Amino acid sequence: MNKHKLPMRTGVGIIVLNEQNQVFVGKRSDSTGNKWQMPQGGVDEGEDFVTAMKRELMEETSIKNIKVIKEIKQTYEYELPRNLIGVIWKGKFRGQNQKWFITRFLGLDNEINIQTENPEFVDWKWIEPKKLPEIIVDFKKKLYEKLLIEINSMIN
């Protein structure tokens with residue numbers, strides 16, 4: 001299969017900060033090892049980025065109570081490693097082109113519920129932003145390093 005013939009999936013990513021400027025991460029149900037990620041997902045046809053971001057966050061975490069602090073201007077992309085092409089997203093895409101948002105969580109931790117209709121996470125926690133590149137799968141590490149710069153520009 002020639003991965004370059006496959007398109008990129010349009011997606012959104014959500015950086016959720018709590019009052020202590022820690023970042024929400026979830027442990028993916030399909031991940032082996034101790035890898036965590038921030039909420040993210042695809043944009044449905046006819047959906048704008050903000051609507052997609054709020055829907056994905058709700059679907060993955062049950063979080064509704066947020067304030068959008070910043071819509072990051074540029075989009076970021078990552079490509080799947082060879083062994084995952086054809087496995088993820090029913091083999092339709094080679095990676096994702098994502099619009100990211102930085103949000104502030106205004107609710108209480110008991111609002112967070114990852115036991116959703118189609119659970120993506122088996123666990124969740126708040127971490128210090130600087131740990132993001134250490135906890136993500138290798139093929140998203142460069143992306144998370146770039147996002148860390150955006151986060152630090154907001155909280156420092």
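Please read these numbers as outputs of a predicted model, since none were measured by experiment.
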The reported gap from CE in M8 to OH in Y78 (rounded to nearest 0.5 angstrom) is 8.5 Å
Take atom NZ in K27; do more than 12 heavy atoms of anything else shown fall under 6.0 Å from it? yes
Where I114 and D123 come nearest, the two heavy atoms and their spacing: CD1-N, 3.3 Å
When you look at NZ of K125, are more than 12 heavy atoms from neighbouring residues, nucleotides or ligands closer to it than 6.0 Å? yes
Heavy-atom pair of closest approach, residues V50 and E71: CG2-OE1, 4.3 Å
Under the side chain to side chain contact (heavy atoms under 4.5 Å, CB included) test, which residues partner I88, sequence neighbours left out? L80, L84
Please identify each residue that fulfils side chain to side chain donor-acceptor pair (under 3.5 Å) with E59, with sequence neighbours left out. R55
Correct closest heavy-atom pair for F24 and I112 would be CE1-CG2, 3.7 Å
With I155, which residues qualify under side chain to side chain contact (heavy atoms under 4.5 Å, CB included), at least two apart? L17, N21, P129, I151, N152
State which residues pass side chain to side chain donor-acceptor pair (under 3.5 Å) with W36; sequence neighbours excluded, sorted by chain then number. N34
Looking at every non-hydrogen atom in both residues, tell me the closest pair between T116 and T61 and how far apart they are. CG2-N, 4.3 Å
All side chain to side chain donor-acceptor pair (under 3.5 Å) counterparts of K70, not counting sequence neighbours: E150
Does any part of the side chain of W100, heavy atoms only, come nearer than 4.5 Å to the side chain of I15, both counted from C-beta? yes
List the steps and the verdict of side-chain contact (heavy atoms from CB on, under 4.5 Å) for E56 and I14. CA-CA 9 Å; E56 282 293 336; I14 310 103; 4.3 Å; yes
Determine whether I63 and M58 satisfy the following criterion, side-chain contact (heavy atoms from CB on, under 4.5 Å), listing intermediate values before the conclusion. CA-CA 5 Å; I63 293 174; M58 178 66 193; over 6 Å; no
side-chain contact (heavy atoms from CB on, under 4.5 Å), that's the test. Do L143 and Y76 meet it? Break it down for me. CA-CA 7 Å; L143 164 66; Y76 294 106; 3.2 Å; yes
With E77, which residues qualify under salt bridge (charged side-chain N to carboxylate O under 4.0 Å, His left out), at least two apart? none
Give, for atom CD of Q22 and atom CD1 of I127, the distance between the pair rounded to the nearest 0.5 Å. 9.0 Å
Applying side chain to side chain donor-acceptor pair (under 3.5 Å) to W126 and not counting sequence neighbours gives D109
Test side-chain contact (heavy atoms from CB on, under 4.5 Å) on L57 and V16 and set out the steps. CA-CA 9 Å; L57 188 59; V16 182; 3.8 Å; yes
Only pairs at least two apart or in different chains count here, so list each salt bridge (Lys or Arg N to Asp or Glu O under 4.0 Å) that has a residue in residues 9-26. none
Is the shortest heavy-atom distance from the side chain of E111 to the side chain of F105 under 4.5 Å? yes
Report whether W89 and I85 are members of the same hydrophobic cluster (ILVMFWY, side-chain heavy atoms less than 4.5 Å apart, transitive linking). yes
I need the Q98 CD to T75 OG1 distance, nearest 0.5 Å. 9.5 Å
Going by side chain to side chain contact (heavy atoms under 4.5 Å, CB included), name the residues that satisfy it together with T10, two or more places apart in sequence or in a different chain. V43, F49
Does a side-chain heavy-atom distance below 4.5 Å link L132 with M38? yes
Go through the structure and list residues passing salt bridge (charged side-chain N to carboxylate O under 4.0 Å, His left out) with R28, not counting sequence neighbours. D30, E120
Which heavy atom of E79 sits nearest to which heavy atom of R94, and what is that distance? OE2-NE, 3.2 Å
Taking the side chain as every heavy atom from C-beta outward, state whether K146 and Y144 have any atom pair closer than 4.5 Å. no
Run the side-chain donor-acceptor check on residues 133-142: report pairs under 3.5 Å with partners two or more places apart or on a different chain.
unit_1	atom_1	unit_2	atom_2	d
K140	NZ	Q37	OE1	3.0
K140	NZ	Q40	OE1	3.4

So, using side chain to side chain contact (heavy atoms under 4.5 Å, CB included) as the criterion, who are the partners of S29 when residues are at least two apart? V122
Heavy atoms of K99 and I72 approach each other most closely as NZ-O, 2.8 Å
For a 4.5 angstrom cut-off between non-hydrogen side-chain atoms, does R104 reach I66? no
